[in-house]
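Quantities reported herein were computed from a predicted structural model and do not represent experimental measurements. Any value given below was found using the heavy atoms of this structure, including those in side chains, with hydrogens, waters and symmetry copies removed.
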Amino acid sequence: MEVAMLCTRVSLLILILSLCSPYKFIQSPMDFGPLNLLPTTTTASSDFGRILFHSPAAVLKPQSSRDISLLLSFLSGSSLSKVTVAARGAGHSIHGQAQALDGIVVEMCSLPAEIELYKGGEGEISYADVSGGVMWIDLLEQSLKLGLAPRSWTDYLYLTVGGTLSNAGISGQTFKHGPQISNVLQLEVVTGRGEIVTCSPSKDADLFNAVLGGLGQFGIITRARILLQEAPQKVKWVRAFYDDFSTFTQNQELLVSMPDLVDYVEGFIVLNEQSLHSSSIAFPANVDFNPDFGTKNNPNIYYCIEFAVHNYQHENTNVEQVVEVISRQMSHMVSQLYSVEVSYFDFLNRVRMEEMSLRSIGLWEVHHPWLNMFVPKAGINDFRDLLMDNVSPDSFEGLILIYPLLRDKWDTNTSVVLPDSGSTDRVMYVVGILRSANPEGGCSYHCLQELLRRHRRIADTAGVHLGAKQYLAHHPTPSGWHQHFGRRWERFAERKTRFDPLRILGPGQGIFPRRDDNAAFGS
């Protein structure tokens, strides 16, 4: 064992020296003892956004948490270089957040896909212990075999557990159960120092809270214990259309005030035929909605609320009656409410059907200059106006999601940044501008840059005037990050000093530049 460790350290030293040289490349797999360091790959230098392409010098495909620990322990104990490390899950980042220019990318999906389920008895909790590289779709499939499922989801399930927990993990269940980071019981984390730590709300709680929503800055999540609940067999999936924004948001807020009846609430803006069609691919009901979208200079904008009620098929529950009780309180357009019953699995995996449709016509692997914002309730009408000033409804390709969340479902001890609560409002909104930009469809480099500039203008204006905050944030400068964190910056920076003092982790976020042992901690 000691000989193997010595060989590993010598091999890592060779790697670091090569990365520090003017010729930073690895031509072939190198012997790093138990570590499996490989040359860079196209995958490691790209992501879903397809906006930035930063090539690492090497890729680590770990077989255990110890492999990651060996790498980080060596780098944190060396002052020979400024090598950085990024953990990459499913590569669904937008702005290169999981990339490491001339550094090392850790492919988390290489970890053994371990899923251990515990079904509690009466009065006991159920949970799943999973490795950080497991995808949520796999956890869903395995947990359903025991009639269980996680409580909180993302819309797209082909993401890793460690990846979403490093951000927050939100979807239509968030108003009821909180984000995914509010449904974690325990984590195993490899810190920037290379320490393997098991942490929870009662053990090493500061690390636990730092890592959740921590953007990969403090440690790499290698295992997580996820809270489970009884899974319904069916879901009643309902859509209602609106031609007035205030009525649309008021009805959404009505729905999230009924957590005993409603299990899921989202919504989206219907800008054009494309947005209506693409959002309906997975919805199996026949939607007879044929709106007049107006003209380019005078567009008509519509809105759709989407909610769901779980059907556990218990004898004393009538889901149809529940939906009737809910819908009678709504003020949607006349005759524009549609419902369908689907399996729980198909409902949660609905975006996969949209993905396959886009893949079939070559529109999945295109640029995705997405912008996601948390917006205070008081500013949602102004944000809508700001948004409409910066998009062209007739030519917009993609989807604009908008739905309410409840502040008290979020733990403020975690690293997630929410808009400051300047009032007693429990409600805030998430708005996702999920735009596609196809180079072959006419959106060249200059077109993409213009879209990014527009999104930056929206984000900056909403931040200054409405108190909005980016989710899955991207800021091009350190000062932008300072403004993003606001009064939380000092805590965030102090946690970085404790758990990753050399700033090895998460270089793609652009929050902390890498430093050596002798550098003073600055911005």
Side-chain angles (χ1 to χ4, degrees), residues 126 128 135-159 169-180 183 226-241 251-252 254-268 278-287 289 304-330 332 336-357 399 401 403-405 409:
S126 299
M135 290 191 181
W136 288 97
I137 183 66
D138 297 321
L139 175 54
L140 174 62
E141 289 176 340
Q142 293 302 313
S143 61
L144 283 178
K145 294 176 181 178
L146 295 183
L148 301 171
R151 305 195 308 173
S152 189
W153 293 95
T154 52
D155 288 334
Y156 184 60
L157 303 186
Y158 290 77
L159 307 173
I170 60 174
S171 184
Q173 304 87 1
T174 302
F175 83 93
K176 185 167 183 170
H177 298 296
Q180 289 180 324
N183 293 274
I226 307 297
L227 188 62
L228 303 178
Q229 66 175 1
E230 180 187 0
Q233 294 177 312
K234 300 282 187 178
V235 171
K236 193 69 171 181
W237 186 3
V238 185
R239 285 185 170 180
F241 290 92
N251 276 201
Q252 284 191 317
L254 170 69
L255 291 172
V256 301
S257 73
M258 300 188 288
D260 292 338
L261 298 179
V262 182
D263 295 293
Y264 164 100
V265 177
E266 285 196 12
F268 57 91
S278 64
S279 64
S280 302
I281 291 173
F283 190 71
N286 180 30
V287 176
F289 182 51
C304 179
I305 285 179
E306 183 173 77
F307 73 91
V309 177
H310 290 171
N311 186 355
Y312 294 91
Q313 299 189 337
H314 296 162
E315 291 184 3
N316 59 347
T317 303
N318 187 318
V319 173
E320 295 290 347
Q321 290 181 358
V322 173
V323 172
E324 178 65 22
V325 168
I326 297 167
S327 61
R328 278 203 303 264
Q329 302 177 59
M330 300 172 67
H332 53 80
Q336 293 302 327
L337 184 140
Y338 305 89
S339 65
V340 65
E341 190 169 71
V342 297
S343 73
Y344 185 56
F345 178 87
D346 286 345
F347 175 74
L348 290 177
N349 200 34
R350 61 197 177 279
V351 178
R352 181 66 165 181
M353 189 178 297
E354 297 176 29
E355 174 193 351
M356 300 312 294
S357 174
L399 191 64
L401 296 176
Y403 57 94
L405 309 170
K409 297 296 183 178

By ring-ring contact (aromatic ring centres under 6.0 Å, His included), Phe347 pairs with (sequence neighbours left out) Trp237, Tyr264
task: Check the pair Gln173 / Leu348 against side-chain contact (heavy atoms from CB on, under 4.5 Å), numbers first and verdict last.
output: CA-CA 11 Å; Gln173 304 87 1; Leu348 290 177; 3.6 Å; yes
For Glu355, the salt bridge (Lys or Arg N to Asp or Glu O under 4.0 Å) test, sequence neighbours excluded, returns Arg352, Arg359
Here the gap from Leu148 atom CG to Leu139 atom CG, rounded to the nearest 0.5 Å, amounts to 10.0 Å
Requested in this report: Evaluate the side-chain proximity of Tyr344 to Asn349: yes if any heavy-atom separation is below 4.5 Å, no if none is.
Outcome: no
Applied to residues 144-156, the salt bridge (Lys or Arg N to Asp or Glu O under 4.0 Å) test, sequence neighbours excluded, yields Asp155-Arg350
Asp138 meets the salt bridge (Lys or Arg N to Asp or Glu O under 4.0 Å) criterion, sequence neighbours left out, with none
By ring-ring contact (aromatic ring centres under 6.0 Å, His included), Phe345 pairs with (sequence neighbours left out) none
Across all chains, not counting sequence neighbours, the side chain to side chain contact (heavy atoms under 4.5 Å, CB included) partners of Gln336 are Phe241, Phe289, Met333, Tyr338
So His310 and Tyr312, would you call those rings parallel, tilted or perpendicular, with 30° and 60° as cut-offs? perpendicular
Q) With no hydrogens and no angle check, is any side-chain donor or acceptor of Thr174 less than 3.5 Å from a backbone partner on Ile170? A) no
Subject >> Any side-chain heavy-atom pair of Glu266 and Leu401 under 4.5 Å >> reply: yes
Note: Thr154 and Gly169 closest approach over all heavy atoms is CG2-CA, 3.7 Å
Would you say that Trp153 contacts Leu140 through its side chain, given a criterion of any heavy-atom pair below 4.5 Å between the two side chains? yes
- Test item: Asn183 side-chain N/O and Pro150 main-chain N/O as donor-acceptor pair under 3.5 Å: no
For Met258, the side chain to side chain contact (heavy atoms under 4.5 Å, CB included) test, sequence neighbours excluded, returns Leu254, Leu255, Leu261, Val262, Ile326, Gln329
Side chains of Pro404 and Phe175, heavy atoms from C-beta outward: is any pair under 4.5 Å? no
By salt bridge (Lys or Arg N to Asp or Glu O under 4.0 Å), Lys176 pairs with (sequence neighbours left out) Asp263
Residue set satisfying side chain to side chain donor-acceptor pair (under 3.5 Å) with Glu341, at least two apart, ordered chain then number -> Asn311
Exactly one candidate in Gln180, Gln229, Lys409 meets side-chain contact (heavy atoms from CB on, under 4.5 Å) with Ser152; the answer is Gln180
Sequence neighbours excluded, the answer for side chain to side chain donor-acceptor pair (under 3.5 Å) partners of Lys236 is Glu320
Across all chains, not counting sequence neighbours, the side chain to side chain contact (heavy atoms under 4.5 Å, CB included) partners of Gln321 are Asn318
Output for pair (Leu157 CG, Met135 CE), nearest 0.5 Å, gives 10.5 Å
Contacts of Asp346 meeting salt bridge (Lys or Arg N to Asp or Glu O under 4.0 Å) (sequence neighbours excluded), chain-then-number -> none
OG (Ser171) and CH2 (Trp136) are apart, to the nearest 0.5 Å, by 11.5 Å
One should read off an interatomic distance between Arg239 CZ and Glu306 CD, to the nearest 0.5 angstrom, of 4.0 Å
Here the gap from Gln252 atom CD to Leu405 atom CG, rounded to the nearest 0.5 Å, amounts to 10.0 Å
Rounding to 0.5 Å, atoms OG (Ser278) and CD (Glu354) come to a distance of 6.5 Å
For Ala149 and Ser143 the tightest heavy-atom approach is CA-OG, 3.6 Å
